[in-house]
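Position 1 is the first residue of the sequence; numbering continues from there. Heavy atoms only: backbone and side chains are in, while hydrogens, waters and symmetry mates are out.
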Amino acid sequence: MIPTVIAKIISMQPNFTMSENEISQYVINNTDSVISSTITTIAKETNTSEASINRFCKKMGYKGFNSFKIALMQENFYNNMKQQNTYNANEGLIESITADYRQMLINTSAMMSEENIIEAVEYIKSAKNIHIFALSNSAFLASELEFKLRVLGISAKAHTDVFDMHISAINISPKDVAIIIAPTILMRDIYQCLTTCHEKGAKIISISSYDSSKLNDFVNVKFITSDKITAKNSISLSNNLMYLYVLDLIYSALLKSDKSLREKKLNSDSVLNSHQTIDNNILEY
């Protein structure tokens, strides 16, 4: 079965320019490589330019290369889902769950962009305040990120209560950054906070499992993760590990970008470790 995206490329080939035809042939013959490569790599492989690749993706009906790559990858996931979900009677529970998470992480990493991570880091470093919005079972991620940023001396606040979220969104400033962590932005309270933050002029970073054209209207940097629906044990798994993975990517890039932040992290770790040592000594008596 030919994937829909590939079928569309084939049907549009008569309308392609010479460079677009080179790109289309590369995509058709190297789908897996496109999913795991950067736009720079593909430009070199096809002897074209990044601008040509973006024009090709827009001609295909996508916002740009990242949107095209996400669509191509998601379609591959769904086409392979039946094969991936085939039950193996000899596979143990631990092996099965581990395989699911491993594949979800691989899929998520394929959708990550170094450029997006760097852009998110720059917004965080230049922000006056960081507001982190998350609800329900993703709320602990907001608290986790708040703690990690405060360890670096960055002003951050987790908002996991609906009323607190709306009040904070109303009072956010253009110098602030809002980080949204949610399965989809199309949740009433999340979407309302998102639009309010956008109207107030704040920079917005989103981490979610489902892409939406509405994200392009409000979000400055978006990260799309692999959804648990692609896993064999989807009914029992959580997307939160994928969100945590993205947060750790951003946090690692943040530390790598600034020596003073690394020093603050080491100093904070020293304080935390000293308190842990004191606690352990007390317990020994």
Could you tell me the separation between the [atom1] atom of [X] and the [atom2] atom of [Y], rounded to the nearest 0.5 Å?
X	Y	atom1	atom2	answer
Ser238	Tyr101	OG	OH	5.5 Å
Leu152	Asp258	CG	CG	9.0 Å
Ile28	Ile23	CD1	CD1	12.0 Å
Leu261	Ser268	CG	OG	10.5 Å
Ile181	Phe133	CD1	CZ	11.0 Å
Glu50	Ile39	CD	CD1	5.0 Å

Tell me whether [X] shares a hydrophobic cluster with [Y], the cluster being built from Ile, Leu, Val, Met, Phe, Trp, Tyr side chains joined at under 4.5 Å.
X	Y	answer
Leu141	Tyr251	yes
Leu93	Met104	yes
Ile204	Ile172	no
Phe65	Ile118	no
Leu244	Leu237	yes

Within 6.0 Å of [atom1] in [X], more than 12 heavy atoms from elsewhere:
X	atom1	value
Lys44	NZ	no
Gln192	CD	yes
Arg262	CZ	yes
Phe147	CZ	no

**Prompt:** Just checking, any donor-acceptor pair under 3.5 angstrom between side chains of Thr48 and Thr46?
**Reply:** yes

Quiz: residues 183-190 side-chain donor-acceptor pairs under 3.5 angstrom, not counting sequence neighbours:
from	atom 1	to	atom 2	distance (Å)
Thr184	OG1	Leu186	N	3.0
Asp189	OD1	His166	NE2	2.9

**Asked** Name the one of Lys58, Arg55, Lys59 that satisfies salt bridge (Lys or Arg N to Asp or Glu O under 4.0 Å) with Glu20?
**Response** Lys59

If I compare all heavy atoms of [X] with all of [Y], which pair ends up nearest, and what's the gap?
X	Y	answer
Val221	Asn116	CG1-O, 3.5 Å
Ile124	Leu149	CG2-CD2, 4.3 Å
Thr196	Ala169	CG2-O, 3.4 Å
Cys197	Ala178	SG-CB, 3.9 Å
Ala156	Ile132	CB-CD1, 4.4 Å
Val121	Ile250	CG2-O, 3.6 Å

Do the side chain of [X] and the main chain of [Y] share a donor and acceptor less than 3.5 angstrom apart?
X	Y	answer
Thr160	Ala134	no
Ser126	Tyr123	yes
Asn21	Phe16	no
Ser109	Ile106	yes
Asn220	Ile205	no
Ser270	Leu266	no

Is there side-chain contact between [X] and [Y], with heavy atoms separated by less than 4.5 Å?
X	Y	answer
Val219	Leu194	yes
Lys200	Asp176	no
Ile154	Lys264	no
Ser33	Tyr26	yes
Val5	Thr31	no
Asn30	Ile42	no
Ser236	Ile97	yes
Ile6	Ile10	yes

**Test side-chain contact (heavy atoms from CB on, under 4.5 Å) applied to Lys157 and Asn129, step by step** = CA-CA 8 Å; Lys157 176 64 177 175; Asn129 299 292; over 6 Å; no

**Asked** Could you go step by step and tell me if Ser168 and His159 meet the side chain to side chain donor-acceptor pair (under 3.5 Å) rule?
**Response** CA-CA 8 Å; Ser168 299; His159 305 287; 3.0 Å; yes

Taking distance alone, no hydrogens or angles, what donor-acceptor pairs closer than 3.5 Å link side-chain atoms of residues 66-73 to residues at least two apart or in another chain?
from	atom 1	to	atom 2	distance (Å)
Lys69	NZ	Ser37	O	3.1
Lys69	NZ	Ala110	O	3.4

**Item:** Check: Phe223 ring centre within less than 6.0 Å of Tyr243 ring centre
**Value:** no

**Candidate pair Ile224 and Ser209, rule side-chain contact (heavy atoms from CB on, under 4.5 Å), full reasoning** = CA-CA 5 Å; Ile224 306 298; Ser209 303; over 6 Å; no

**Request:** Mind running side-chain contact (heavy atoms from CB on, under 4.5 Å) on Lys148 and Leu247 for me, showing each step along the way?
**Result:** CA-CA 10 Å; Lys148 296 180 79 167; Leu247 293 179; 5.9 Å; no

**Message:** Working note: Asn233 + Ser96, criterion side-chain contact (heavy atoms from CB on, under 4.5 Å); need CA distance, chi angles, decisive distance, verdict.
**Reply:** CA-CA 8 Å; Asn233 301 280; Ser96 180; 2.7 Å; yes

